[in-house]
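Not measured: the values here are computed from a predicted model. Numbers restart at 1 for each chain; the letters A, B, ... are given by sequence-line order, proteins then strands.
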Amino acid sequence: MAEVKAKRKTDIGPPHYEKFLPLIIKENYGKWKYHEIVKPGVMVTVSQSGARLYTVRAASPRLLSIDKIRTYADLADKYSNGYLRFTSRNNVEFLLTDESKIDPLIADLRVLGHPVGGMANSISSIVHTQGWVHCHSAATDASGIVKSVMDELVGYFTDMKLPAKLRIALACCLNMCGAVHCSDIAILGIHRRPPKVDRTKLKAMCEIPSVVSACPTAAVRPATIDGVPSVEVIEERCMFCANCYTVCPAMHLNDPLNDGVSIWVGGKVSNARSEPMFSKLAIPFLPNNPPRWPEVVDAVRNLVEVWAKNARKYERMGEWINRIGWPRFFELTGIPFQKEHIDDFKHAGLTFKRSTHLTH
Amino acid sequence: MAEVKAKRKTDIGPPHYEKFLPLIIKENYGKWKYHEIVKPGVMVTVSQSGARLYTVRAASPRLLSIDKIRTYADLADKYSNGYLRFTSRNNVEFLLTDESKIDPLIADLRVLGHPVGGMANSISSIVHTQGWVHCHSAATDASGIVKSVMDELVGYFTDMKLPAKLRIALACCLNMCGAVHCSDIAILGIHRRPPKVDRTKLKAMCEIPSVVSACPTAAVRPATIDGVPSVEVIEERCMFCANCYTVCPAMHLNDPLNDGVSIWVGGKVSNARSEPMFSKLAIPFLPNNPPRWPEVVDAVRNLVEVWAKNARKYERMGEWINRIGWPRFFELTGIPFQKEHIDDFKHAGLTFKRSTHLTH
Amino acid sequence: MQTFEYGSVKIEVDEDGFMQKPEEWNEEVAKALATTEDVKEMTEAHWKIVYYLRDYYKKYGIAPMVRKVCKETGFSLKEIYDLYPSGPAKGACKVAGLAKPTGCV
Amino acid sequence: MQTFEYGSVKIEVDEDGFMQKPEEWNEEVAKALATTEDVKEMTEAHWKIVYYLRDYYKKYGIAPMVRKVCKETGFSLKEIYDLYPSGPAKGACKVAGLAKPTGCV
Amino acid sequence: MPEKKRKTPKLDELEKGAWPSFVKEIKTAAEKNAMADDLLGQLERSYEEKIGHWKHGGIVGVLGYGGGVIGRYSDLPEEFPNVSHFHTMRINQPAGWFYTSDVLRKLCDIWEKHGSGLTNMHGSTGDLVFLGTKTDELEPTFKELTDLGFDLGGSGSDVRTPSCCCGMARCEWACYDTMALTYFLTMHYQDELHRPAFPYKWKFKMSGCPNDCVAAIARSDMSIIGTWRDDIQMDKAAVTEYAKSGMNIQKDVVGNCPAKCMEWDGKEIKIDNKACVKCMHCINAMPKALSPGKDRGACILIGAKAPIVEGALLSSVLIPFIKLEPPYTELIELVGKIHEVWSENGKNRERVGEFIQRVGMGNFLEAIGVEPIPEMVAHPRENPYVFYEEYFEEEDNNG
Amino acid sequence: MPEKKRKTPKLDELEKGAWPSFVKEIKTAAEKNAMADDLLGQLERSYEEKIGHWKHGGIVGVLGYGGGVIGRYSDLPEEFPNVSHFHTMRINQPAGWFYTSDVLRKLCDIWEKHGSGLTNMHGSTGDLVFLGTKTDELEPTFKELTDLGFDLGGSGSDVRTPSCCCGMARCEWACYDTMALTYFLTMHYQDELHRPAFPYKWKFKMSGCPNDCVAAIARSDMSIIGTWRDDIQMDKAAVTEYAKSGMNIQKDVVGNCPAKCMEWDGKEIKIDNKACVKCMHCINAMPKALSPGKDRGACILIGAKAPIVEGALLSSVLIPFIKLEPPYTELIELVGKIHEVWSENGKNRERVGEFIQRVGMGNFLEAIGVEPIPEMVAHPRENPYVFYEEYFEEEDNNG
Ligand code: SRM
Ligand code: SRM
Ligand code: SRM
Ligand code: SRM
Ligand code: SF4
Ligand code: SF4
Ligand code: SF4
Ligand code: SF4
Ligand code: SF4
Ligand code: SF4
Ligand code: SF4
Ligand code: SF4
């Protein structure tokens, strides 16, 4: 051990990015002049010097085997001098200098089953999280829904005919890893059953004061059960946030009968035109229906289609809804409006309609 | 007593309004077609039948002696067949059918010292409250400030050259009798000293649990002082709302050294163009400086002038600020921005600038 | 501070006639105060309300809401006004020797 | 549930090696657990941290925040990592017999 | 009657200037009325000392009523004995604040006899306020008032005096009869108005159109604001007139439409009425050319209030559109249910707007039997914290 | 290595369809790797039962670090022994996610040897995630990683792995060098990144312009977003080109300007740059004609986070404009002060955005020594509840 320790390197940080930049980028770093989307998934960035960098963007499932990564590496060697990158939405991008290699690369990617696209007014890959593949908190799977939804929407990835960009994100629980709270369409796993307390283990596993204070609605109270210090849950107060579970493994939220998926719309991140916005609840609950979650797929497709048909150019989902109003949104999408849509959390009052600006 | 009681009439409600309507209104009730502002303070309302009703609006101090009311009655007899009304902003309106009587009426009103105006794009009378004239809660006087400010702004009442209507309101304490929270400019009396508890009287005068629960910040705590049940105030927690005083006379808030006036801007009530808006804090504190509150008068005049100079047609104060942004508002008005402007109450987080939409 | 005298009763009251030393309350005082509120006679019904108010006040330190008074005593609001013409707050609370209701006017 | 044995010590631990019955903790147990966390010897400094953690936990029912541990024991974060190479949460808390810290990962 | 004139150097300053002076009003009254004169004295003192001189509260009234009078006592009764009592009486104004010279004079006569001779025309809630009298004068004043056909307004935890814009009496935009409804509600709720029994005050305000000339949306628990459902009425010739007269229709009218649903091609205005949010702007700008549609009614909003104590609220949409005609059955049933639910569950001094926020709009709607609809919200919830009330149990396998 | 193929009828369904299949990825890995194979088995089980099969938490790591590894244990260890441990390692990605084929292959080799052969390229925070290995493999993997020049990223209450858009490497709009700053911050905070000592996590995200291509404003405690101060650069000839090509400049560009500060007369675009809010829209729409000004820098915003537990937050403006060049002294000092104040006063599991709301932005600014300016607020307060900290005493007569 001591031996190992002597040799241990720590706190070296990641390698410097310059090591991985192609020459054209090094030479034109900070000197780019403009870009143009050449065709779906292909962009040229032109430097002040006239240099032209071609980016080819391909879909990736994010969950990658080392075999697939090696295949990417091979493609990079073949077409882009070994240079490639990944995007903030987990697509893979090949950085070409030779225009003539674009189409052969695309052909190879197609064979591999990785569609090229996701640029400009398209739907890019779904930002998502772990789901049943790795997380203890998941109220639904992540990758399975993403795959099912994108199988349906892939045409919008490989095309650029939408009114604007459309960003979908998925989080498998309310922790919302990823920016699903600001997505055009967000798919969110939710629990609907209060925690079942594992009384026998609680004391050994958890700090009781932490569990109690973790609950935002004071639904968790200390309680001595059969002489053992534990907690109890006032079920009416629980809104299924799972914060108690995060700090205490003995508070089980996962539940096959009651877990499922909610759909949110109209968020955005960019400052383009309108300010960033949170997504708002569109569909409170859809069942977990693996392997292909048909209800979720239908719901998302419907949202995309209604928006695509009705929005004006440059109108992101939320901007479109802001123009037409929520009543019309519910009317056009055919989604029933329910009690659950009405906010009753901290700032609820601010979400009520406090004017007579209504269409009739 | 029994005798009196036998004769008592109760629950008769107000007289029916029809008794007080001139014939032209009775005949054209609900049949008006359009109106036109003839000149400052004079409007004609034209009926589908062609009938023409002339309204002459004059300023009133709201606090009226019966002598003045009798004078109004005399004027009404002379010019409008005895018919008159008051407006939701406490102006008096004479309802004429004879166009030729308009100017003589205006002349009489002028002699009386009651300017005619307040219509269309003008400043109308200031909606206000009791102040030191009648209320126990007042942190400032109402009528005195109103008079001082309107003496300064009367030119905007008798004219119609502003970009839009401008509504000023005053409330002498945070109870905000009147809609000052939604005014283009609001003048608001504020306390700045925590309540001084009148310990000896508290128990006899107040319900201790009510006082304690009245405090929104839990600054009031039950305490036994010299053996007598009473309350104590955690001064750092107090934000001077006076709710404790409202339920308990022994919690004195009024304080000549610390009471004063704050100025708020950009609220509106109408649904025209933009939705109704709350007023926002412009100047946290100005001293009580009777009889003419020069600091308040200057501040209000400055706000009116800067707005009048910079706003586009139809832009109410708040709409103008929304277009140019608050940084520019503070720049143009020369008002220093301070810690106090930043919200730290319940929904504070929602008032922070959560985008990069900034002018530099 | 003013003094209110009626028969043998002599108590300190405020401008509105509310007792300043509630601990001095007794049925005599109540009867005396009742005369100021247009109550001719303290009937059983009157006492029922008075004692309900006093019990509630002792328990919670506050006067009950009007609706609660009606519910718990079984009198309609109209009946309460018949018993105490100046109403539950001004009339009944005063006779019951409670602190002057403030709050909303 | 797994069993961890070292010398005379035999205790139940979870997958991460945290004690399941904290009431069985004693200095021997601590020494035994320390061997799993790359601590060669339990010095005075090690015990200081262990007892600070235990005292705090007894008092508040929770583990202290790291910054507090540093402040109260006088050790810098670096020193704590030198003493317990797997850190205050995994290393020190385990040796001190506390519940497994969950919270933020 | 005061022998010689008071010295009020501070207040005298407020007799100067072009705006009508309240000090002059008090002085006029003070010439004949000792209460008014002592008011002047006490007010001058307040101006010197920068503090009010009124004691807290006061609980006085007329027999059989729990509201309508605001008790007030001076804290300097020795110096200003005539305002040692100085209660205000709230007189329920006629709807729309219309008067005849005749009735005004009679009101003045009553107040000359029994009070300070000072009034507010009107209070912020809408009442005609008789400003200052003694306890003993309350009953006699009340008697004379009722004889004249007037009654007291609200105060305390009751229905407050309803008020409204002049509506159909003088405004072409009134989408329902505000004055008729105001009169109706005032009469219908006489008992609730005079005998406080709610958790807190309840205000009704009626505006005939979305311009909201009584600020209903900002200061009434129930705000009834006229609106319409069909197309804006347009007089094309009048549009042309406006254009000719130099109006910049594109910039000032179309450019300000919040729904972006208007188009102007230099000749005609086109309105996508389905998208129009009935804001009134275009109509306000061109009253001769445009007016509200023919299918008129009102939007009912709920919950406005001043900031004490959880922050101010604007009313929010409860019923997007309702036809409002006598006997107003639907409205009265709705209000009844709300009063019931709020009275039963509201805390002391909890306005209905705060109550709704505390229990949740969804639960409130359920309790009053109104279906939730998207018109009620500016937007659906942003947070994922839904209180689902039921869940499936393991046994229940067909979940 | 599994003898014969598992039956995974549910998951097999997810091999169909045009989108690349994660199931195929797992299967590929499973051919050679027992962990991946048991993952497949356990996942199929989850698909059957509609529930995850991972136990809560797990606290494992490498020596000397408090973060970087997420411990994970199966709750079906008997059935799926190879995922009885299945910890992920978060590898700090190179800034901008640029790689060479060479380095990727070397990373794969390490993971082939020590882990499941499965990865996330990348995790939502930005790390290269090595998905699943056993406790014993952590140290050896770490050693090989550091030998290759890689290090672990953050987890727990520490500085999380910073990430950024590609910025100047490939984007003409980058207003500062996002990758340089990301690298700098990552190196500067190595200790804070590896040894959790904050009240809760702290995320940095860097976007080169207001388009915010890493969603910094939505998911980082400190969001550093490029912007500019001077006039938008314009190539008039290119504007003409766009117009000719059929672009509807009035409607699509000018009509969408949130500041309403653009004008188009059919020939030229005029921008009132003083009013422009730097939203990027016009530039996005006409990249060849318009670009950000020359006086470039960044806006620093603070406090974004996901909803747990008080509701989600977007970052809010702290420093409207700052020049960002090495050695970044001003920024580092600012962050230092914030970390100090937050660490000293923050509650356990309280993100800085929540902390600011709890203590009040004004107090927070005072504590970190930053002047309040109107750029920090969407609007000043609406409620009248100001906490004045001082008052005059009676003795103090010159108040
Ligand atoms: C590669 C990438 C950055 C990176 O370092 O990884 C990137 C790159 C570019 N973005 Fe982006 N954006 C990238 C994620 C984002 C994100 C973040 C996200 O989606 O999570 C946003 C915010 C989205 C939101 O608002 O919710 C984003 C909002 C934009 C916008 C503003 C769009 C809008 O109208 O709201 C533009 C401007 C435009 O497209 O006209 C933009 C424009 C661009 C340009 C054109 C910039 C340039 O000149 O190079 C780049 C190619 C655009 C394209 O894909 O159409 N980029 N861009 C990211 C690609 C993600 C992907 O694989 O799809
Ligand atoms: C008489 C009165 C109603 C009453 O029954 O008493 C009234 C009467 C009219 N209002 Fe009003 N409004 C009256 C208070 C209000 C209020 C309430 C207030 O000020 O407290 C508002 C809401 C103000 C706000 O938003 O803060 C109000 C917002 C409007 C608007 C919308 C203005 C806007 O652009 O926001 C219009 C439309 C217009 O003027 O173009 C309007 C238009 C009108 C018209 C033109 C309606 C008509 O066709 O008769 C009337 C004459 C207008 C004028 O004075 O220029 N009235 N009007 C009130 C006169 C008050 C006064 O003495 O000054
Ligand atoms: C007389 C009047 C002001 C005026 O000069 O016009 C008035 C005067 C008082 N109001 Fe008011 N309010 C008056 C209209 C209002 C309004 C406006 C309205 O009704 O349209 C409001 C804002 C709207 C609302 O109801 O929220 C208003 C909001 C308050 C509040 C705060 C209520 C809240 O829920 O936030 C209080 C405090 C309370 O109720 O304890 C209050 C309390 C008071 C008290 C009774 C003082 C108190 O703390 O108990 C004042 C008595 C003053 C006096 O001595 O005469 N007054 N009060 C108005 C009634 C005249 C009338 O009947 O016509
Ligand atoms: C792996 C990853 C999801 C993914 O598949 O990409 C992830 C996975 C977990 N996150 Fe996360 N978070 C991940 C990015 C995020 C992000 C996005 C980001 O960083 O940009 C967020 C939203 C932004 C934010 O920080 O607010 C996020 C917000 C959370 C939260 C809620 C925090 C909050 O303050 O609201 C929790 C709960 C917690 O901290 O206790 C959480 C907790 C977790 C835990 C540790 C589960 C837990 O309750 O302890 C998850 C471990 C899953 C597993 O078994 O692997 N994760 N988490 C992401 C990290 C990969 C990486 O390092 O690159
Ligand atoms: S969103 Fe929830 S379930 Fe999904 S990875 Fe994050 S913490 Fe786990
Ligand atoms: S899930 Fe959330 S609301 Fe429910 S008990 Fe746990 S912490 Fe409380
Ligand atoms: S605003 Fe305050 S001080 Fe003024 S009248 Fe109303 S309650 Fe009294
Ligand atoms: S003034 Fe308001 S904040 Fe201060 S003690 Fe009284 S109730 Fe509390
Ligand atoms: S609210 Fe509408 S209907 Fe009533 S007076 Fe104002 S403009 Fe006319
Ligand atoms: S009423 Fe308002 S929303 Fe409707 S068309 Fe006119 S301006 Fe537009
Ligand atoms: S954030 Fe701006 S600078 Fe960075 S990639 Fe996106 S568009 Fe380019
Ligand atoms: S950057 Fe945005 S705000 Fe500025 S001119 Fe362009 S569109 Fe308008």
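- Residues that satisfy the disulfide bond (SG atoms under 2.5 Å apart) test with A/C206, not counting sequence neighbours, are A/C248.
- At a 4.5 Å heavy-atom cutoff, A/N81 makes no contact with chain F through either its backbone or its side chain.
- Proximity to chain A (any heavy atom under 4.5 Å) is restricted, for F/F142, to the side chain, taken from C-beta onward.
- Of the possible donor and acceptor atoms, one in the side chain of A/R85 sits under 3.5 Å from a partner among the backbone N and O of F/G96.
- Side-chain contact between F/Y99 and A/F86 is present, with at least one heavy-atom pair separated by less than 4.5 Å.
- Heavy atoms of A/D67 lying under 4.5 Å from chain F belong exclusively to its side chain.
- Note: A/K147 leads A/K268, A/M176, A/K147, A/H16 in heavy-atom pairs under 4.5 Å with chain F.
- Heavy atoms of A/L95 lying under 4.5 Å from chain F belong exclusively to its side chain.
- For F/E48, no part lies under 4.5 angstrom from a heavy atom of chain A.
- Between the side chain of A/H134 and the main chain of F/L131, no donor-acceptor pair closer than 3.5 Å is present.
- Only the side chain of A/E36 comes within contact range of chain F, judged by heavy atoms closer than 4.5 Å.
- At a threshold of 4.5 Å between non-hydrogen side-chain atoms, the residues F/H281 and A/N271 do not count as touching.
- The contact between F/A18 and chain A is made by backbone and side chain atoms together, counting heavy-atom distances below 4.5 Å.
- Looking at F/L314 and A/C182, their side chains come closer than 4.5 Å, going by heavy atoms from C-beta outward.
- In this structure, A/T10 and F/H194 have side chains that are not in contact, with every pair of non-hydrogen atoms separated by 4.5 Å or more.
- Interatomic distance, A/K9 NZ to F/K143 NZ, rounded to the nearest 0.5 Å: 7.0 Å.
- The parts of F/A285 that come within reach of chain A are both its backbone and its side chain, each placing non-hydrogen atoms under 4.5 angstrom from that chain.
- Neither the backbone nor the side chain of A/M205 comes within less than 4.5 Å of any heavy atom in chain F.
- The residue among F/C166, F/G126, F/G132 with the most heavy atom pairs within less than 4.5 Å of chain A is F/C166.
- Contact tally against chain A (heavy-atom pairs below 4.5 Å) for F/L104, F/N92, F/D12, F/I51: the top residue is F/I51.
- Looking at A/E152, neither its backbone nor its side chain comes within 4.5 Å of chain F, counting heavy atoms on both sides.
- Heavy atoms closer than 4.5 Å to chain F are found nowhere in A/C215, neither backbone nor side chain.
- Within the 4.5 Å cutoff, no side-chain heavy atoms of A/I69 are placed close to those of F/W111.
- Interface summary for chain A: among F/P210, F/P258, F/A306, the most heavy-atom pairs under 4.5 angstrom belong to F/P210.
- Both the backbone and the side chain of A/D11 come within contact range of chain F, judged by heavy atoms closer than 4.5 Å.
- Side-chain atoms of A/N288 do not come within 3.5 Å of backbone N or O of F/K50 as any donor-acceptor pair.
- Side-chain contact check for F/F22 versus A/L64: every heavy-atom pair is 4.5 Å or farther apart.
- Contacts of A/K313 with chain F are made by both backbone and side-chain atoms, with heavy-atom separations under 4.5 Å.
- The main-chain N or O of F/L63 is found under 3.5 Å from a side-chain atom of A/R8 such that the two form a donor-acceptor pair.
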Exercise. Checking ring pair (Phe, Tyr, Trp, His ring centres under 6.0 Å) for the pair A/W293/F/Y47: CA distance, chi angles, key distance, verdict?
Worked result: CA-CA 11 Å; A/W293 281 266; F/Y47 269 60; 5.5 Å; yes
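- Looking at A/H114, its side chain never comes within 3.5 Å of a backbone N or O of F/P20 through a donor-acceptor pair.
- Judged by distance alone, the side chain of A/H181 and the main-chain N or O of F/A218 form a donor-acceptor pair under 3.5 Å.
- With a 4.5 Å cut-off on side-chain heavy atoms, F/L14 and A/S148 count as touching.
- The main-chain N or O of A/P291 is never found under 3.5 Å from a side-chain atom of F/E13 such that the two would form a donor-acceptor pair.
- In the displayed structure, A/K346 atom NZ is contacted under 6.0 Å by more than 12 heavy atoms of other residues, nucleotides or ligands.
- Taking the six-membered ring where the residue is Trp, the centroids of A/W132 and F/H53 are separated by 6.0 Å or more.
- Using a 4.5 Å cut-off between heavy atoms, A/S213 makes no contact with chain F at all.
- In this structure, the side chains of F/M121 and A/R62 stay at 4.5 Å or more apart for every pair of heavy atoms.
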For this session: Could you go through the side-chain hydrogen bond (donor to acceptor under 3.5 Å, both in side chains) check for A/N28 and F/R170 one step at a time?
Result: CA-CA 9 Å; A/N28 297 286; F/R170 208 199 49 202; over 6 Å; no
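- A/S270 and F/N211 share no donor-acceptor pair across their side chains, judged by distance under 3.5 Å alone.
- Only the backbone of A/H128 comes within contact range of chain F, judged by heavy atoms closer than 4.5 Å.
- With chain A as partner, the option from F/S116, F/G64, F/C171 having the largest number of non-hydrogen pairs under 4.5 angstrom is F/C171.
- At least one donor-acceptor pair under 3.5 Å links the side chain of A/D151 to the backbone N or O of F/W19.
- Contact annotation for A/Q130: only side-chain heavy atoms (C-beta onward) come within less than 4.5 Å of a heavy atom of chain F.
- A search for salt bridge (charged side-chain N to carboxylate O under 4.0 Å, His left out) contacts involving F/K305 returns F/E354, not counting sequence neighbours.
- F/W173 and A/H35 have perpendicular rings, their planes meeting at more than 60° on a 0 to 90° scale where under 30° would count as parallel.
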